[in-house]
2 protein chains.
Amino acid sequence: MATPTAADELSPVRERIVRAAVKLFAAKGFDGTTVQEIVTAAEVTKGALYHYYTAKEDLLYEIYRSLISIQMADLDRIIAEHADPADTVRAILVNLVETTAARVDETAVFVREMQKLDAECMTAFRAERRRYHETFRSVVEQAQATGRFSPTVSAETVVLIALGVVNQLPTWYRPDGPKSPDRLGNEIADFVLAGLGVGPSA
Amino acid sequence: MATPTAADELSPVRERIVRAAVKLFAAKGFDGTTVQEIVTAAEVTKGALYHYYTAKEDLLYEIYRSLISIQMADLDRIIAEHADPADTVRAILVNLVETTAARVDETAVFVREMQKLDAECMTAFRAERRRYHETFRSVVEQAQATGRFSPTVSAETVVLIALGVVNQLPTWYRPDGPKSPDRLGNEIADFVLAGLGVGPSA
DNA sequence: CTGGCCATACCGACTGGTCGGTATCGGGTA
DNA sequence: TACCCGATACCGACCAGTCGGTATGGCCAG
């Protein structure tokens with residue numbers, strides 16, 4: 001266990017390759033990026049890349065897996081930590097904005113190129129996404145049922161709106177912009193909670 | 001002027017080509033679609049395509065131009081037609097959802113492949129988008145300044161959220177789903193207006 | 001200690017096939 | 001005939017992936 005190859009740790013070479021791939025895929029798209037460009041940017045050779053990965057598509061898979069596993073773990077943790085639904089929703093949104101802002105390239109690739117995965121990966125990822133979506137929605141639904149949130153708008157629409165902003169975030173978010181991810185997340189949460197009939201902060 | 005080549009009218013062949021291109025680009029991406037696939041789907045030949053277009057990229061340009069020009073015209077018309085800001089915001093959102101639902105493929109391509117346009121087209125399109133964004137935002141800002149909308153959330157955030165949902169719409173919207181575009185648009189408008197402190201309908 | 005052996009990590013020229021785009025010609029219409 | 005629309009054959013560039021080979025380092029027998 002001296003070598004950090006366990007679990008999620010990537011060997012330095014693998015990590016350099018994936019990092020380069022993410023940046024290039026985000027900038028030029030999956031099909032628009034050549035394997036040669038990736039290996040040049042990663043300062044490795046084609047042989048090295050194909051030593052670690054069996055196909056270009058594996059890189060996509062690696063990117064998605066790391067992104068989704070983080071988000072799902074965060075969601076479960078947040079729901080376990082908070083009792084009040086307004087707190088929960090706020091925490092979910094702030095966390096989502098923060099992790100997305102920290103991984104803009106990954107998210108951009110995810111949003112734009114998801115459908116390029118082969119059928120079985122697609123199904124798996126759709127299932128994960130669905131679980132995220134439905135977990136989020138049930139938080140809203142339960143709070144509506146117990147009268148904490150206004151029931152006028154459908155929970156489905158709320159979730160669609162909330163996830164919509166986050167997925168579009170890579171298009172407009174700039175790390176050097178005036179608003180920190182934390183503030184951005186809270187502003188979005190303010191708005192969403194206002195739409196659910198909850199006043200700003202408790 | 002007997003031939004309908006004027007203004008936005010496309011000759012039958014051109015139209016078939018663009019239609020096929022939109023569908024394929026939406027399904028497989030710009031780089032993932034070959035010119036041969038386009039001409040096969042359009043039931044024309046490569047010669048015909050390159051007779052009307054000088055490059056594959058021209059097809060992207062054509063798609064964007066038609067989408068954006070419609071949206072900009074709608075926006076200007078809607079703002080001219082409505083005096084009350086709540087009505088204006090609702091009308092903008094309903095219209096946006098309806099036109100987007102009617103052109104899911106175009107929007108999907110637009111959102112995903114915009115950056116593949118060359119530098120000058122990009123600049124032009126960014127300017128148009130910016131104008132849309134800022135026009136929308138100023139409607140919200142003015143209503144906040146005159147006390148019609150709650151000033152607690154920044155107008156910028158509201159616009160980002162509203163346009164976020166619409167751009168993501170191609171990912172989840174299904175024409176055969178339970179909700180009509182009109183109803184969807186109104187639900188989104190309900191939520192956005194609630195977030196701005198305006199009760200449902202006037 | 002040392003020398004032979006093997007596994008893992010990595011190299012980069014090469015290939016089979018594909019793709020965007022072009023050159024050229026036929027055939028219908030005026 | 002003249003001209004435009006479209007068909008077909010073709011080209012040069014490029015790309016994902018391969019494959020024969022090298023380098024490094026650990027390990028075990030002598």
Does Asp182(B) have any salt bridge (Lys or Arg N to Asp or Glu O under 4.0 Å) partners at least two apart in sequence or in another chain, and if so, which?
none

Please figure out whether His51(B) or Thr34(A) has its closest DNA chain D nucleotide nearer the 5' end.
His51(B)

Are more than 12 heavy atoms, taken from residues, nucleotides or ligands other than Arg77(A), located less than 6.0 Å from that residue's CZ atom?
yes

Heavy-atom nearest nucleotide on DNA chain D taken for Gly47(A) and for Thr33(A); more 5' hit belongs to Thr33(A)

Is any side-chain N of the basic residue among Glu37(A) and Lys28(A) closer than 4.0 Å to the acidic one's carboxylate O?
yes

Round to the nearest Å and state the distance from Arg14(A) atom CZ to dA9(C) atom P.
10 Å

Expressed as a whole number of angstroms, how long is the span from Tyr50(A):OH to dA9(C):P?
18 Å

Residues in ring-ring contact (aromatic ring centres under 6.0 Å, His included) contact with Phe149(B), at least two apart in sequence or another chain
none

With a 4.0 Å cut-off (strictly under) to non-hydrogen atoms of chain A, the first and last hit nts on DNA chain D, 5' to 3', are dC15(D) to dT18(D)

Separation of dT24(C) atom P from Lys46(B) atom NZ, nearest Å, is 17 Å

SB check Arg137(B) Glu156(B) (cutoff 4.0 Å):
yes

Donor-acceptor pair, distance only, cut-off 3.5 Å: does the side chain of Gln144(B) make one with the backbone of Val153(B)?
yes

